[in-house]
Amino acid sequence: MSKGYDFVIVGGGSAGCVLAARLSEEPSARVLLLESGGSDWNPLYKMPAGFAKMTKGIGSWGYQTVPQKHMNNMVINYTQAKVLGGGSTVNAQIYTRGNRIDYDEWQQLGCNGWGYDDILPYFRKSEDNDTFDNTYHGKGGPLGVSQPRAPLPICAAYFDAAGQIGIPRNRDMTGESQDGVGFYQLTQRNARRSSASVAFLKPATGRPNLTIRTGAQVTRIVIDKGRAVGVELEGSEVVYAESEVIVSSGAIGSPKLLQLSGVGPADHLQSVGIQTKLDQPEVGSNLQDHLDLFTISECTGDHTYDKYAKPHWSAVAGLQYLLTKRGPVASSLFETGGFWYAEEGARSPDIQFHLGLGSGIEAGVEKMGAGVTLNSAYLRPRSRGTVRLASSDPAAAPLLDPNYWADPHDREMSIKGLKLAQEIMKQDALKPFVKREVLPGPDVTTDEEYIHFACANSKTDHHPAGTCRMGGDDTSVVDPRLKLRGIEGLRVCDASIMPRLISSNTNAPTIMIAEKAADMIRADYAS
């Protein structure tokens with residue numbers, strides 16, 4: 001048995017680090033942050049290009065999906081971070097926010113206080129942007145947001161190629177308009193990753209009211225008479241929360257922990273031998289994710305970073321980074337992209353591109369000698385999946401079923417997005433850089449062949465959300481103040497609360513959610 005705290009935060013990912021930092025700004029609040037993974041001391045976590053190692057096992061739980069029944073039973077590697085800082089420590093550092101309509105739709109779904117005008121100040125509060133300081137961007141916040149330091153010439157050719165098919169250049173895709181192609185802003189500062197751990201948590205570590213524990217696997221939330229009073233860790237240690245338990249374990253970890261604690265669909269809990277504390281059918285339901293399809297081309301020369309995979313060139317890249325803070329190690333490798341339309345008349349861009357400055361950068365993507373990748377993802381999937389327990393053993397991996405392409409519309413839009421990516425790569429502006437398309441390749445021409453290709457080659461974009469849905473209705477898991485309906489003293493704060501997946505990468509929105517949640521929690525604590 002351990003001493004009590006006011007707030008026990010379960011999960012030291014992006015949201016958990018922000019919450020721990022912001023709540024401990026209140027001197028009287030005793031805050032405990034529990035992270036099941038390790039610290040982020042490894043230099044790879046600080047180097048921008050370290051992302052290339054992250055999707056292949058370093059700092060990851062090593063999860064996989066169940067066979068995807070609408071994709072020829074394909075099993076997809078599903079990276080979930082197991083390190084302080086969570087996704088912000090292992091991702092490609094891309095700083096995007098989604099579209100303003102995403103948040104206004106949240107408001108229309110009953111999430112009062114979550115419209116675009118409500119949440120924009122929280123994006124700006126976090127931000128220390130090295131370029132913009134205006135209505136949409138802020139300076140002086142904890143989170144470093146930077147432009148790419150030394151983009152390659154192929155990036156400018158990609159912009160020109162997109163322009164040749166009518167897609168405009170956009171120099172700020174997180175500003176007034178999302179439409180177009182451009183350089184992504186990156187969560188970096190001085191050519192180093194600006195993770196939530198580095199940006200928010202590290203400056204707070206000296207506070208006497210903040211305790212941080214890594215390697216702390218929480219096995220259940222302790223619920224007494226309808227109230228969350230603490231959590232139990234491996235080894236049966238219990239820590240108590242006098243004010244609130246805050247679950248911030250991500251769109252996979254949060255529903256898993258709630259179900260282990262007896263909060264979830266009663267029939268499922270019974271099937272794995274867990275006593276139901278609260279029958280809440282939506283816990284672990286509503287899983288949404290972006291599925292990534294990609295085209296890979298062979299280059300006419302060393303126009304990307306593929307050559308640096310060889311030991312000699314890898315040493316050269318390391319030295320260049322140490323001396324100049326430039327070169328491949330300073331690159332996120334996916335710092336170029338954009339947003340455009342697959343569906344005619346879509347209310348905002350529904351396809352996102354990521355230009356990969358090489359081939360085989362991510363797990364599940366083919367490696368070749370000198371190549372370039374263009375990923376495309378359909379941004380507003382209609383398919384919904386689940387996170388369920390494999391057993392009552394907290395150490396067992398959950399059953400992850402994104403249920404990709406359950407709705408045929410998602411398949412149609414995904415393939416349109418891939419064809420659009422192919423069209424960009426075939427334009428004259430890229431001919432000095434691109435020799436030929438390797439994947440899908442010239443033999444893939446019919447819709448059936450595209451479907452077959454995608455079912456063998458696609459991957460997750462690492463954007464799971466929605467499994468602890470926020471809403472104004474009684475069936476939602478949490479209310480707009482992120483309080484779990486039916487259990488006192490318990491909140492959920494991470495990407496799992498998104499009622500609908502936003503139309504971009506999810507890390508910056510997750511940080512925003514935590515910023516807003518911290519204000520709500522501190523207001524309740526003060527009262």
Side-chain angles (χ1 to χ4, degrees), residues 5-11 13-26 28-29 31 33 98 102-123 125-126 221 223 226-231 241-251 254-255 257-258 261 263-264 277-278 280 282-283 285-286 465-500 502 506 509-527:
Y5 297 86
D6 293 297
F7 300 104
V8 174
I9 303 167
V10 184
S14 296
C17 287
V18 174
L19 286 169
R22 294 303 192 188
L23 294 180
S24 63
E25 289 175 351
E26 180 64 49
S28 64
V31 180
L33 177 64
D102 296 332
Y103 302 101
D104 289 340
E105 286 184 349
W106 288 11
Q107 178 96 6
Q108 293 163 13
L109 291 169
C111 302
N112 294 330
W114 292 88
Y116 182 76
D117 290 341
D118 300 306
I119 57 91
L120 179 59
Y122 289 103
F123 280 117
K125 178 181 181 180
S126 293
I221 302 162
I223 299 171
R227 181 177 181 85
V229 297
V231 300
E242 294 185 12
S243 183
E244 294 186 20
V245 173
I246 307 168
V247 179
S248 296
S249 299
S254 288
L257 179 59
L258 289 172
S261 307
V263 179
K277 296 281 188 176
L278 176 68
Q280 172 42 281
E282 287 212 24
V283 169
S285 299
N286 198 44
T467 48
C468 297
R469 178 180 69 88
M470 169 177 59
D473 57 292
D474 291 341
T475 62
S476 61
V477 178
V478 298
D479 67 17
R481 296 187 71 79
L482 308 191
K483 294 182 178 182
L484 195 136
R485 297 184 186 277
I487 302 288
E488 295 293 321
L490 182 59
R491 287 191 219 227
V492 182
C493 177
D494 51 41
S496 71
I497 66 93
M498 294 182 183
R500 288 183 184 166
I502 52 92
T506 53
T510 298
I511 290 172
M512 175 278 293
I513 288 167
E515 287 274 33
K516 182 172 171 61
D519 270 6
M520 295 189 292
I521 294 166
R522 291 181 69 176
D524 289 348
Y525 177 73
S527 63

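The structure presented is a predicted model; accordingly, all values stated were derived computationally and were not measured.
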Query raised in the report: Between Pro509 and Met498, is any pair of side-chain heavy atoms under 4.5 Å apart?
Result: yes

Query raised in the report: Roughly how far, to the nearest 0.5 Å, is CE of Met512 from CD1 of Ile502?
Result: 8.5 Å

Report summary line: Only one of Ile487, Val245, Leu278 passes side-chain contact (heavy atoms from CB on, under 4.5 Å) with Ile223, and that residue is Ile487

Query raised in the report: Can you find a pair of side-chain heavy atoms, one from Val10 and one from Ser248, that are under 4.5 Å apart?
Result: no

Query raised in the report: Does atom CD of Glu242 have more than 12 heavy-atom neighbours, drawn from other residues, nucleotides or ligands, at distances under 6.0 Å?
Result: yes

Requested in this report: Check Leu258 against Cys468 and note the closest heavy-atom contact, atom names and distance.
Outcome: CD1-SG, 3.8 Å

Query raised in the report: How many angstroms lie between atom CD1 of Ile521 and atom SG of Cys493, to the nearest 0.5 angstrom?
Result: 6.0 Å

**Report entry** Beyond-backbone contact of Glu515 with Val18, side-chain heavy atoms, under 4.5 angstrom
**Finding:** yes

Query - CD1 on Ile119 to CD on Gln107, rounded to 0.5 Å - result: 10.5 Å

Report task. Could you give me the CA-CA distance, side-chain angles and deciding distance for Arg481 and Asp524, then say whether salt bridge (charged side-chain N to carboxylate O under 4.0 Å, His left out) is met? Result -> CA-CA 10 Å; Arg481 296 187 71 79; Asp524 289 348; 3.1 Å; yes

Query - CA sep, side-chain torsions, deciding dist, call: Arg491, Val247, side chain to side chain contact (heavy atoms under 4.5 Å, CB included) - result: CA-CA 6 Å; Arg491 287 191 219 227; Val247 179; over 6 Å; no

Requested in this report: Determine, stepwise, if the pair Lys483 / Glu488 fulfils salt bridge (charged side-chain N to carboxylate O under 4.0 Å, His left out).
Outcome: CA-CA 8 Å; Lys483 294 182 178 182; Glu488 295 293 321; over 6 Å; no

Query raised in the report: Distance from Ser24 atom OG to Phe7 atom CZ, nearest 0.5 Å?
Result: 11.0 Å

Report task. Report yes if some heavy atom in the side chain of Arg485 is under 4.5 Å from a heavy atom in the side chain of Val478; otherwise report no. Result -> no

Query raised in the report: What's the shortest heavy-atom distance between Ala20 and Leu33, and which atoms?
Result: CB-CD2, 4.0 Å

Query raised in the report: In terms of the angle between their ring planes, are Trp106 and Trp114 parallel, tilted or perpendicular, with boundaries placed at 30° and 60°?
Result: tilted

Requested in this report: Dump the intermediate steps for side-chain hydrogen bond (donor to acceptor under 3.5 Å, both in side chains) on Asp519 and Tyr122, then the final yes or no.
Outcome: CA-CA 10 Å; Asp519 270 6; Tyr122 289 103; 3.0 Å; yes

Report task. To the nearest 0.5 angstrom, please state how far the CG atom of Asp473 sits from the CZ atom of Arg469. Result -> 4.0 Å

**Report entry** Beyond-backbone contact of Thr467 with Ser285, side-chain heavy atoms, under 4.5 angstrom
**Finding:** no

Requested in this report: Identify the heavy atoms of Leu482 and Met470 that sit nearest to each other, and give their distance.
Outcome: CD2-SD, 3.7 Å

Query raised in the report: Do Tyr525 and Ser28 have side-chain heavy atoms sitting under 4.5 Å apart?
Result: yes

**Report entry** N/O donor-acceptor pair under 3.5 Å between Gln280 side chain and Glu282 backbone
**Finding:** yes

Report summary line: So CD1 of Ile9 and OG of Ser249: to nearest 0.5 Å the spacing works out to 11.0 Å

**Report entry** Nearest non-hydrogen partners of Asp494 and Ala251, listed with the distance
**Finding:** OD1-N, 4.4 Å

Query raised in the report: Taking all atoms of both residues into account, what is the closest heavy-atom pair of Ile511 and Ser126, and its distance?
Result: CG2-OG, 3.6 Å

Report task. Of all the heavy-atom pairs spanning Gly250 and Ser496, show the shortest one and how long it is. Result -> O-CB, 4.1 Å

Requested in this report: Quickly, which of Val229, Leu257, Val263, Val8 forms a side-chain contact (heavy atoms from CB on, under 4.5 Å) with Ile221? Name it, please.
Outcome: Leu257

Requested in this report: Report yes if the side chains of Arg522 and Met520 come closer than 4.5 Å at any heavy-atom pair, otherwise no.
Outcome: no

